[in-house]
Amino acid sequence: ADVTISVAGDLNDLEAEIIVSEHQDFKKIFASDFGAISTNRINQFILPLEDVQLWSPDHPYLYDVRVVLKKDKAVVDSYETYFGMRKIEFAEGQILLNDKPLYIRGALDQAFYPDTIYTAPNDEWIQSEIKLAKKMGFNLLRKHIKVEIPRYLYWADRMGMLIWAEPPNVVKWSNQSNRRFYHELLGMISRDYNHPSIIIWSLYNEEWGLEWDLANDVEKQKYIIEMYENIRELDSTRLICDNSGWTH
């Protein structure tokens, strides 16, 4: 497990304790580490895990992790989160999850709600939606031109629903709209990077924002390729779709 810690604030002489456990009780410890923290650089810790439980839709196993910051043995701050161990890749014409062929049966999820529009009303609604999708035989939801709320992604992780994530599109092609779109895309990836349920990032949906002439516009083709390569460098662990359901 690769744990990266960034610290904000005017703090010196900090030490961090990282503990990996299960079920948020931190009684059964799988791995731990302890080391000095620098406030002006990225702090990275590698925690070896034995007999790893892999995350999948049929077995959505999650590890809990707690980070405790200490100064002179006194607790300064703490943070808890979770992660899942899984690998997604495309090889020899197949999508593989944890080195095994994965047949994706997904639904386009536009995620409109009667009263709350783009935000699911509550956790129970989200859980019910995922349960119903699974009951109908779906194992993936493609979030259509929408950055999904963290609570939905949380339950997708917990309940084993694959997610195809996609940023909202712009309408007109311009330097300003491209900058705003790219900023939104990077924000989505940065915030949601650690969700094991997300296996695909989309860049564009059906040339929306590319004005439907990608096949003939060399400038836009170059722009898409550069964006794809930038996102691939940022996240080499997921599949990336340049332009869903349209010209590639």
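None of these values were measured; they are calculated from a predicted model.
Put simply, the side chain of Leu54 reaches to within 4.5 Å of the side chain of Val52, judged on heavy atoms. With contacts defined as side-chain heavy-atom distances shorter than 4.5 Å, the pair Leu97/Pro57 qualifies.
The number of heavy atoms from other shown groups lying within 6.0 Å of CZ (Arg180) does not exceed 12. Crowding of Asp72 atom CG: a count of heavy atoms from other residues, nucleotides or ligands under 6.0 Å not exceeding 12. The neighbour count for Phe90 CZ, taken as heavy atoms of other residues, nucleotides or ligands under 6.0 Å away, is above 12.
Between Tyr118 and Phe112, the distance separating the two ring centers is shorter than 6.0 angstrom. For Trp55 and Tyr82, the gap between ring centers reaches or exceeds 6.0 Å.
Listed by first and then second residue, the salt bridge (charged side-chain N to carboxylate O under 4.0 Å, His left out) pairs that reach into residues 159-171 are Arg142-Glu166, sequence neighbours excluded. Listed by first and then second residue, the salt bridge (charged side-chain N to carboxylate O under 4.0 Å, His left out) pairs involving residues 225-234 amount to none (not counting sequence neighbours).
The CD1 atom of Ile126 lies 9.0 Å from the CH2 atom of Trp155; values are rounded to the nearest 0.5 Å. With rounding to the nearest 0.5 angstrom, the CD1 atom of Ile88 is 12.5 Å from the CD1 atom of Ile198. The distance from atom CG of Leu141 to atom NZ of Lys134, rounded to the nearest 0.5 Å, is 10.0 Å. Note: Leu102 CG to Gln94 CD = 10.0 Å, rounded to the nearest 0.5 Å. Rounded to the nearest 0.5 Å, atoms CD1 (Ile104) and CG (Leu162) are 6.5 Å apart. Taking CG from Asp235 and OG from Ser190, the interatomic distance works out to 11.0 Å, rounded to the nearest 0.5 Å.
A donor-acceptor pair is defined here as one N or O able to donate and one able to accept, closer than 3.5 Å; no such pair exists between the side chain of Asp2 and the backbone of Ile46. Of the possible donor and acceptor atoms, none in the side chain of Arg238 sits under 3.5 Å from a partner among the backbone N and O of Trp201. A donor-acceptor contact shorter than 3.5 Å links the side chain of Trp212 to the backbone of Glu206.
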Steps toward side chain to side chain contact (heavy atoms under 4.5 Å, CB included) verdict (Lys220, Glu211): CA-CA 10 Å; Lys220 289 173 184 170; Glu211 300 184 352; 3.8 Å; yes

Side chain to side chain contact (heavy atoms under 4.5 Å, CB included) assessment of Asp192 paired with Val147: CA-CA 9 Å; Asp192 299 336; Val147 177; 4.3 Å; yes

Test side chain to side chain contact (heavy atoms under 4.5 Å, CB included) applied to Val3 and Asp33, step by step: CA-CA 10 Å; Val3 180; Asp33 200 1; over 6 Å; no

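Between Tyr223 and Trp173, the ring planes are perpendicular. Angles over 60° get that label, and only those under 30° would be called parallel. Using a 30° and 60° split on the angle between ring planes, His59 and Tyr61 fall in the parallel class, below 30°.
With Tyr182 as the aromatic partner, Arg179 does not meet the cation-pi criteria of under 6.0 angstrom to the ring centre and within 45 degrees of the ring axis. Both the sub-6.0 Å distance and the 45° axial angle are satisfied by Lys143 relative to the ring of Tyr152.
Taking 4.0 Å as the cut-off between side-chain N and carboxylate O, Arg158 and Asp64 count as a salt-bridged pair.
Considering Asp157, Ile163, Leu153 in turn, Asp157 is the only one that fulfils the side chain to side chain contact (heavy atoms under 4.5 Å, CB included) rule with Pro196.
Side-chain atoms of Ser177 and Ser174 form a donor-acceptor pair, as typed in the model, at a separation below 3.5 Å.
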